Amino acid sequence: MKYWLMKSEPNTFSIDDLETMKNQTEHWDGIRNYQARNYMRDDMRIGDKAFFYHSNCDVIGIVGIMEIVRESYPDFTAFDSMSNYFDPKSKIETPRWMMVDVKFVEKFKRTISLNELKEYPQLKDMLVIKRGQRLSIQPVQKNEWDFIIGLLKP
DNA sequence: GCCAACGTTGGC
DNA sequence: GCCAACGTTGGC
């Protein structure tokens, strides 16, 4: 099983939104970056776990956990000229962008902020704490995952 | 295939 | 709102 971190701006889609979706499940649409797409398409498998990360907001950081429940399939928002994510270069016959379905697992009692993540030497290699790192889907190492889960214990 | 211009991300 | 970092585009 692999571990991931997936960013979303809570103004657009927050962990609370995910929790209130039907079946607590939603497609993760709007990824328009090749490296992030490749991670979804090539490496994400059903049962993988992902941190839900809130970006561009008051309290930036990891807010909970979700699970991958459907492997990659074409991102239909790319075909919709009314969508913010419309991409005329992505055709139904040859879709350029993919998405996965994610299911809510838990919301943490507290946000593990970006500032806090930066404090721990154990996490110094995490992509998310590196300046200018904009990848919206990032792999997380098992030891990093376990360390972060450990922070939640009293 | 290079690279300048441009657009976007996302922390601050 | 600013702007550094980075990805993409398109002329050559």
Side-chain angles (χ1 to χ4, degrees), chain A residues 2-21 26-44 48-68 71-141 143-145 147-152:
Chain A
K2 293 194 181 68
Y3 300 96
W4 305 95
L5 179 146
M6 298 167 78
K7 296 181 188 173
S8 181
E9 302 189 9
N11 285 340
T12 306
F13 187 72
S14 72
I15 192 163
D16 296 321
D17 294 328
L18 178 62
E19 187 173 8
T20 53
M21 297 303 295
E26 180 62 305
H27 45 267
W28 199 266
D29 59 11
I31 299 298
R32 298 290 179 271
N33 169 284
Y34 288 105
Q35 198 176 348
R37 178 207 64 185
N38 292 347
Y39 279 133
M40 284 198 294
R41 186 189 60 191
D42 303 336
D43 297 326
M44 268 191 189
D48 285 0
K49 295 288 199 328
F51 287 134
F52 198 126
Y53 180 90
H54 281 176
S55 66
N56 236 332
C57 57
D58 285 347
V59 187
I60 297 161
I62 297 171
V63 292
I65 296 176
M66 49 196 170
E67 179 177 346
I68 308 304
E71 293 180 10
S72 70
Y73 60 106
D75 182 341
F76 54 75
T77 63
F79 309 138
D80 176 4
S81 62
M82 294 291 102
S83 169
N84 288 336
Y85 301 128
F86 177 59
D87 180 355
K89 292 176 185 164
S90 185
K91 309 288 188 200
I92 290 177
E93 317 82 64
T94 53
R96 173 174 299 206
W97 305 114
M98 310 295 272
M99 58 188 178
V100 298
D101 286 358
V102 296
K103 180 168 186 169
F104 177 87
V105 173
E106 71 168 298
K107 179 181 176 180
F108 296 157
K109 291 194 170 58
R110 64 182 183 91
T111 300
I112 301 181
S113 70
L114 178 59
N115 282 336
E116 182 177 353
L117 293 173
K118 288 175 176 172
E119 289 175 7
Y120 302 111
Q122 293 92 334
L123 303 178
K124 66 177 169 38
D125 294 327
M126 277 194 90
L127 294 173
V128 73
I129 67 170
K130 298 198 170 148
R131 186 147 206 278
Q133 171 55 258
R134 308 185 315 188
L135 201 55
S136 56
I137 295 188
Q138 308 179 352
V140 173
Q141 301 304 313
N143 64 309
E144 296 164 347
W145 180 278
F147 182 81
I148 290 167
I149 299 297
L151 295 174
L152 297 161

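Below, read A as the first sequence line, B as the second, and so on, with proteins coming before strands; counting in each chain starts at 1. No experiment lies behind these values; they were computed from the predicted model shown.
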Distance-only side-chain donor-acceptor flag, A:Tyr85 / A:Asp80, under 3.5 Å: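 Distance-only check fails for A:Tyr85 and A:Asp80.
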
Does the side chain of A:Asp75 come under 3.5 Å of the side chain of A:Thr77 through a donor N or O and an acceptor N or O?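 The criterion, which ignores hydrogens and geometry beyond distance, is satisfied for A:Thr77 and A:Asp75.
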
For residues [X] and [Y], establish whether the separation of their ring centroids is below 6.0 Å.
X        : Y       : answer
A:Trp97  : A:Tyr34 : yes
A:His27  : A:Phe76 : yes
A:Phe52  : A:Trp28 : yes
A:Trp145 : A:Phe51 : yes

Looking across every strand, which nucleic acid part, if any, lies under 4.0 Å from A:Arg131 by heavy atom: base, sugar-phosphate, or nothing?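 If one applies the 4.0 Å heavy-atom cut-off, A:Arg131 turns out to touch the sugar-phosphate alone, with no base involved.
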
Under 4.0 angstrom, heavy atoms only, what part of the nucleic acid is A:Lys118 near: base, sugar-phosphate, or nothing?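 Sugar-phosphate contact only - A:Lys118 comes under 4.0 Å of backbone atoms but never of a base.
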
By a strict heavy-atom criterion of less than 4.0 Å, which residues belonging to residues 52-66 of chain A are in contact with DNA chain B?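 Contacts with DNA chain B under 4.0 Å: A:Tyr53, A:Ser55, A:Asn56, A:Ile60.
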
Compare every heavy atom of A:Ala50 with every heavy atom of A:Met6, then report the nearest pair and how far apart it is.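 Heavy-atom minimum between the residues: SD-CB, 3.6 Å.
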
Which heavy atom of A:Arg96 sits nearest a heavy atom of A:Asp87, and at what distance?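 That closest heavy-atom pairing would be CD-OD2, 3.7 Å.
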
Through what angle, rounded to 10 degrees, does the axis of the helix from B:dG1-C:dC12 to B:dC12-C:dG1 turn between its ends, using five pairs per end?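 Here the helix ends are tilted 10° relative to one another.
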
Quick one: how far along DNA chain C does chain A reach, first to last nucleotide 5' to 3', anything under 4.0 Å to a heavy atom?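 Going 5' to 3' along DNA chain C, contacts run C:dA4 to C:dT9.
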
Side-chain heavy atoms of A:Lys103 within contact of A:Glu26, under 4.5 Å: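 When only atoms from C-beta onward are counted, A:Glu26 and A:Lys103 do not touch, as no gap falls below 4.5 Å.
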
Tell me whether A:Glu116 is salt-bridged to A:Arg110, with the criterion being a basic N under 4.0 Å from an acidic carboxylate O.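 Looking at A:Glu116 and A:Arg110, the cut-off is met.
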
Map A:Arg96 and A:Gly132 onto DNA chain C by nearest heavy atom, then report which one ends up closer to the 5' terminus.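 First, find each residue's nearest nucleotide; the 5'-ward one identifies A:Gly132.
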
